[in-house]
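If you read the sequence from its start, that first residue is 1, and numbering goes on from there. As the structure is a prediction and not an experimental result, all values here were calculated from the model.
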Amino acid sequence: MIRQIILLIAPTAMIFVGLPILDNVTITFFLFYGWLLFIPLIVTYWNKEFRYPLQLLFSKRSIVVGISSGLICLLAIYGFVAIHQSSVLDIAQLRRQLIEWDFIGRKVILLILVLILINPILEEFYWREFIYNRIFPKMGSVKTIVITSFFYSLYHLMVVIEIFSFPFNALAVIPVFLAGIMWGIFRFLLNSITASIISHCLADIGIMLVYWNIIL
């Protein structure tokens, strides 16, 4: 039980150390993605009962579901911020915050590529595959989807608090939680994380378009 709690809360702890404490995006990336990548590999290596085939099936249905839902997320993210940017974003404050986090210069391109290409894969693998398979046998689909979505959205809260104006900084976590629910449902119904990864990737592209076209 304690190990499970650690696995659920640790990604949030990595973000907390990297951003509020160290104020550095690069270090945050190493801490956060290092945990998402290596911990599942270590746990599955040392615990034979948790070894299972990766559910990454490229069926036509998974691809269609992933692309269609992802495009909806992309348009919703970019469209909402573009229309309501004056009320939800303090552009000057956000730019200052990004500088404090060292999210500047040439490294921005690399970090954006990580967010678009690596982030969806590692997050979906961790939450909708690794954690999902540890919780599902004991709690069933509904509780598993809700729990993984809650802890998935938890570390996003620390990021959006610094970016959005109140009360939108608190409300911004709700779409993240709902996206986690959606991707968890995809994992359950399609028995694969393919649709979730594709959809997540397109959603992250929407976030990067906001950064590139509105914030810069």
Side-chain angles (χ1 to χ4, degrees), residues 11 15 18-19 25-26 28-30 32-33 36-37 56-86 88-89 91 94-95 97-98 101-129 148-149 152-164 168-169 171-187 190 192-216:
I15 298 292
L19 291 184
V25 171
T26 303
T28 304
F29 274 36
F30 278 109
F32 178 69
Y33 293 117
L36 296 189
L37 175 62
L56 190 61
L57 306 176
F58 287 92
S59 66
K60 181 178 179 181
R61 185 183 179 190
S62 293
I63 294 173
V64 170
V65 169
I67 292 177
S68 58
S69 62
L71 287 175
I72 293 173
C73 292
L74 187 158
L75 294 174
I77 292 169
Y78 186 81
F80 178 82
V81 177
I83 294 172
H84 300 285
Q85 58 178 295
S86 60
V88 301
L89 289 178
I91 301 297
L94 180 53
R95 288 170 179 165
Q97 185 64 64
L98 292 174
W101 286 347
D102 200 26
F103 197 74
I104 55 176
R106 295 180 179 179
K107 69 178 65 174
V108 170
I109 301 298
L110 177 60
L111 296 177
I112 287 176
L113 291 177
V114 169
L115 285 172
I116 292 177
L117 300 177
I118 297 178
N119 179 71
I121 296 175
L122 291 184
E123 285 196 323
E124 291 308 310
F125 171 73
Y126 189 85
W127 294 111
R128 256 66 71 174
E129 187 70 17
T148 54
S149 300
Y152 163 72
S153 60
L154 184 61
Y155 55 79
H156 288 80
L157 179 61
M158 287 184 293
V159 178
V160 299
I161 282 178
E162 303 290 343
I163 294 177
F164 292 95
F168 293 101
N169 48 15
L171 296 176
V173 180
I174 297 176
V176 177
F177 175 75
L178 295 178
I181 294 290
M182 178 179 70
W183 295 329
I185 292 173
F186 291 168
R187 168 64 179 86
L190 302 175
S192 170
I193 59 172
T194 303
S196 301
I197 291 175
I198 295 172
S199 181
H200 196 153
C201 179
L202 290 169
D204 283 355
I205 290 176
I207 295 173
M208 290 302 101
L209 288 175
V210 169
Y211 170 78
W212 204 262
N213 294 320
I214 296 176
I215 298 174
L216 287 184

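Taking each heavy atom of Asp204 and Pro120 in turn, the nearest pair found is OD2-CG, 3.5 Å. Nearest heavy atom pair, residue Pro11 against residue Leu36, reads CG-CD2, 4.2 Å. The shortest non-hydrogen separation linking His156 to Glu123 is CE1-OE2, 4.0 Å. Pairing each heavy atom of Trp127 with each of Thr148, the nearest pair is O-CG2, 3.6 Å. Between Cys73 and Ala203, the shortest heavy-atom contact is CB-CB, 3.8 Å. Closest non-hydrogen pair, Ile193 versus Phe125, comes out as CD1-CA, 4.1 Å.
To the nearest 0.5 Å, atom CD1 of residue Ile72 and atom CD1 of residue Ile67 are 12.5 Å apart. Between Leu190 atom CG and Ile63 atom CD1 the span is 11.5 Å, to the nearest 0.5 Å. If you take CD on Glu124 and SG on Cys201, they are separated by 10.5 Å, rounding to the nearest 0.5 Å. Within the model, atoms CG of Leu110 and CG of Leu115 stand 10.0 Å from one another, a figure rounded to the nearest 0.5 Å. From Trp212, atom CH2 reaches atom CD1 of Ile207 across 15.5 Å, with rounding to the nearest 0.5 Å. Note: Leu75 CG to Phe80 CZ = 15.0 Å, rounded to the nearest 0.5 Å.
Ring geometry for His200 versus Trp183: interplanar angle under 30°, hence parallel rather than tilted (30 to 60°).
In this structure, the side chains of Arg128 and Phe186 stay at 4.5 Å or more apart for every pair of heavy atoms. Within the 4.5 Å cutoff, the side chain of Leu111 has heavy atoms near those of the Val25 side chain. The shortest distance between side-chain heavy atoms of Thr194 and Ser59 does not fall below 4.5 Å. Inter-residue side-chain proximity for Leu178 and Ile174 is flagged as met; some heavy-atom pair is nearer than 4.5 Å. In this structure the side chain of Phe32 never reaches within 4.5 angstrom of the side chain of Leu19, judged on heavy atoms.
In summary, of the residues considered (Ile77, Leu74, Ile116), a side chain to side chain contact (heavy atoms under 4.5 Å, CB included) with Met208 occurs for Ile116 alone. Partner Met182 forms a side chain to side chain contact (heavy atoms under 4.5 Å, CB included) with one of Ser196, Ser69, Ser149 and no other, that one being Ser69.
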